[in-house]
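Quick notes on the structure that follows.
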Amino acid sequence: MVVARVVESEVVRILDSCCSTLNHAKQVHGHIYRNNLHQCSYVITKLLRLLTTLPHLPLNSYPLLLFAQVHAPNNPFLWTALIRAYALRGPLPEALRLYSSMRQRRVSPVSFTFSALFSASAAAKDAALGAQLHAQTLLLGGFVSDLYVNNTIIHMYVKCGVLHSARKVFDEMPQRDVVSWTGLIVAYARRGHMEAARDLFDGLLVKDMVAWTAMVTGYAQNAMPENALEVFRGMVDAGVEIDEVTLVGVISACAQLGASGYAKWVRDIAESVGFGGGSSVLVGSALIDMYSKCGNVEEAYDVFKGMKERNVFSYSSMIVGFAIHGLARGAIKLFYDMLETEVKPNHVTFVGVFTACSHAGLVDQGQKLFATMEECYGVAPTGEHYACMADLLGRAGHLEKALRLVETMPMEPNGAVWGALLGASHIHGNPDVAEIASRRLFELEPDNIGNYLLLANTYASAGRWDGVSRVRKLMREKNLKKNPGCSWVEAKNGTIHEFVAGDVKHPEINEIKKELNDLFERLKGIGYQPNLCSVPYGINDEEKMLLLMAHSEKLALAFGLLSTDAGSTIKIMKNLRICEDCHIVMCGASKVTGRKIVVRDNTRFHHFLNGACSCSNFW
DNA sequence: CTAGGGTTAG
């Protein structure tokens, strides 16, 4: 009885210190008073579970852990709770040490024990550890046909990216449930094998919300937004419930489509199932991203302002949104607003801020933040941040500085870093730096046609024709073909029309051509001259003119003018970077027609209004 | 108890 009283007072003392932080602690507290100490193991198990959710309490200082080991050394649930606490909270080796002590004392593990260890290996993405534990599970024998344990193992292999092992467990387990199937579906989806994922999904007789969502998300993550929406519609038709996670997948698919019609559609659905941007951080952040990618940064900001709770995703998405729309000041202001809250910036936040600086030429501001990001905000610069800085410096014309940064950076420069340098060399017409960058890029990305074209164009602008023909020869040898330029425009009724360069297939192509010619006449009236550098060299000026006229974004513009109301905004999306000449034409068109034109190219948005672009011709 | 989860670059 003495022991009992000591333990009780200990429990109460510690629980008192937890009570202010967690309601759950109060429940446990009450539980102890209502039931006496004969339920002590259970109480401790509950406490350990509580502990794992209170990161400010150090596990080692908790006297109950010691008590558990001394007074209930053979209770597997207690051991498991301990292991679980360390597995989820760390340090992981301590969890493993406890597991081997447990085995030495001949306490039999329960499925729970393995679930804790497997989820810890999954979280650490430690495939070797996971496989080792898997082998031990097999040796114990009793768990070979345990559905729950097998599902946890599948999940572990999926998280560690070991598809074949996940498949093997799946194939060999005696029964499978929807959890096992979903695990495997995700495994294939993560590898980009959506056909395999689809086959599994189609063969699944009982599909629940999680399984459906895995398919929606899988398609969204593999850049197949139409398929994602198709599955989502199937899910709605089947009357399956929808939650935040489902919505995030669908919203992400709509963001990829970039069409306002879909944006409105999915937002209404989110509101109607009770997960509007205001109530769910997850959905709210996804909506911010979607609206920015649909060209509607004002709406994105409205969602942001309407959110009850904001986390690092909400802030980062909004900062990136401002950045790709050229609203550098907005991005930077929001970053400083964020520092006033308890939300801490992460590596993506900084990518957003640097992108904003880069697109606005704010070199000093970007450099200062880059220099202090680690000591002031605890975010160590990665290769991605160096790529941003190379872009920031290079774009602003400081090519030598950019090159020096790349050559002295503490990690191996990746393709993005050299690509930024090559892009800057192209903008500023520096074939020497372009050569250095492309030499590395051709090794890192031998099939990326864009790099060859940039180098060739840089040579051409500098009149270095020997260089041009060398690059062309290289491209021929590698059998690299140009990606056709392709643009999409939204018609009045929300339908999307696609145009490729030189297109003649559109049913209204004659009207479009006529509209475009009319536009050119009016543009010439305000001094427009075609920019013949925007088309390949080696052909005569008349041919160049024809090619220039047939650029996909110009066709899309003409169709947009024809198919939307006067006064409404024309929204165009393009798969490649917008060309110089088209940029000039868009500026002029916004002046002579009085229309607002928004063009999303492969990197950012251009807002054309009254003859000027939001990018200030700096992109 | 186990399965689905959002932001990033040239």
Just how far, in rounded Å, is [atom2] of [N] from [atom1] of [X]?
{"X": "A/Glu241", "N": "B/dG4", "atom1": "CD", "atom2": "C1'", "result": "13 Å"}
{"X": "A/Ile185", "N": "B/dG5", "atom1": "CD1", "atom2": "C1'", "result": "16 Å"}
{"X": "A/Arg440", "N": "B/dG10", "atom1": "CZ", "atom2": "C1'", "result": "16 Å"}
{"X": "A/Arg190", "N": "B/dG5", "atom1": "CZ", "atom2": "C1'", "result": "9 Å"}
{"X": "A/Asn311", "N": "B/dG6", "atom1": "CG", "atom2": "C1'", "result": "8 Å"}
{"X": "A/Leu441", "N": "B/dG10", "atom1": "CG", "atom2": "C1'", "result": "9 Å"}
{"X": "A/Asn448", "N": "B/dA9", "atom1": "CG", "atom2": "C1'", "result": "13 Å"}
{"X": "A/His347", "N": "B/dG6", "atom1": "NE2", "atom2": "P", "result": "13 Å"}

May I ask you to say what [X] touches in the nucleic acid, namely base, sugar-phosphate or nothing, with a heavy-atom cut-off under 4.0 Å?
{"X": "A/Val216", "answer": "nothing"}
{"X": "A/Ser285", "answer": "base"}
{"X": "A/Gly218", "answer": "nothing"}
{"X": "A/Thr246", "answer": "base"}
{"X": "A/Ala387", "answer": "nothing"}
{"X": "A/Val245", "answer": "base"}
{"X": "A/Val348", "answer": "base"}

Let's see if you can work this out: which of [options] has an atom nearest to the side-chain heavy atoms of [X]?
{"X": "A/Val210", "options": "B/dA3, B/dG6, B/dC1", "answer": "B/dA3"}
{"X": "A/Glu384", "options": "B/dA9, B/dA3, B/dG10", "answer": "B/dA9"}
{"X": "A/Thr182", "options": "B/dG10, B/dA3, B/dG6", "answer": "B/dA3"}
{"X": "A/Met209", "options": "B/dG4, B/dT2, B/dT7", "answer": "B/dG4"}
{"X": "A/Asn151", "options": "B/dT2, B/dG5, B/dG10", "answer": "B/dT2"}
{"X": "A/Tyr148", "options": "B/dC1, B/dT8, B/dG6", "answer": "B/dC1"}

Pair A/Arg198, A/Tyr219: side-chain N/O donor-acceptor within cut-off below 3.5 Å: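 Yes, A/Tyr219 and A/Arg198 have a side-chain donor paired with an acceptor closer than 3.5 Å.
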
Does a distance-only test, which skips hydrogens and angles, find a donor-acceptor pair under 3.5 Å between the side chain of [X] and the base of [N]?
{"X": "A/Asp208", "N": "B/dA3", "answer": "yes"}
{"X": "A/Ser316", "N": "B/dT7", "answer": "yes"}
{"X": "A/Glu445", "N": "B/dG10", "answer": "yes"}

Distance flag, aromatic centroids of [Y] and [X], threshold under 6.0 Å:
{"X": "A/Phe335", "Y": "A/Phe350", "answer": "yes"}
{"X": "A/Phe370", "Y": "A/Tyr386", "answer": "yes"}
{"X": "A/Trp212", "Y": "A/Phe232", "answer": "no"}

Does [X] have a side-chain nitrogen or oxygen under 4.0 Å from the phosphate oxygens OP1 or OP2 of [N]?
{"X": "A/His155", "N": "B/dA3", "answer": "yes"}
{"X": "A/Lys207", "N": "B/dG4", "answer": "no"}
{"X": "A/Gln221", "N": "B/dG4", "answer": "no"}

A/Lys333/A/Asp337 ion pair, N-O < 4.0 Å: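 Salt bridge present between A/Lys333 and A/Asp337.
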
Between A/Glu445 and A/Arg439, does any side-chain N to carboxylate O distance fall below 4.0 Å?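 Salt bridge absent between A/Glu445 and A/Arg439.
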
Whether A/His325 side chain and A/Ser292 backbone form a donor-acceptor pair below 3.5 Å: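 Yes; at least one donor-acceptor contact below 3.5 Å.
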
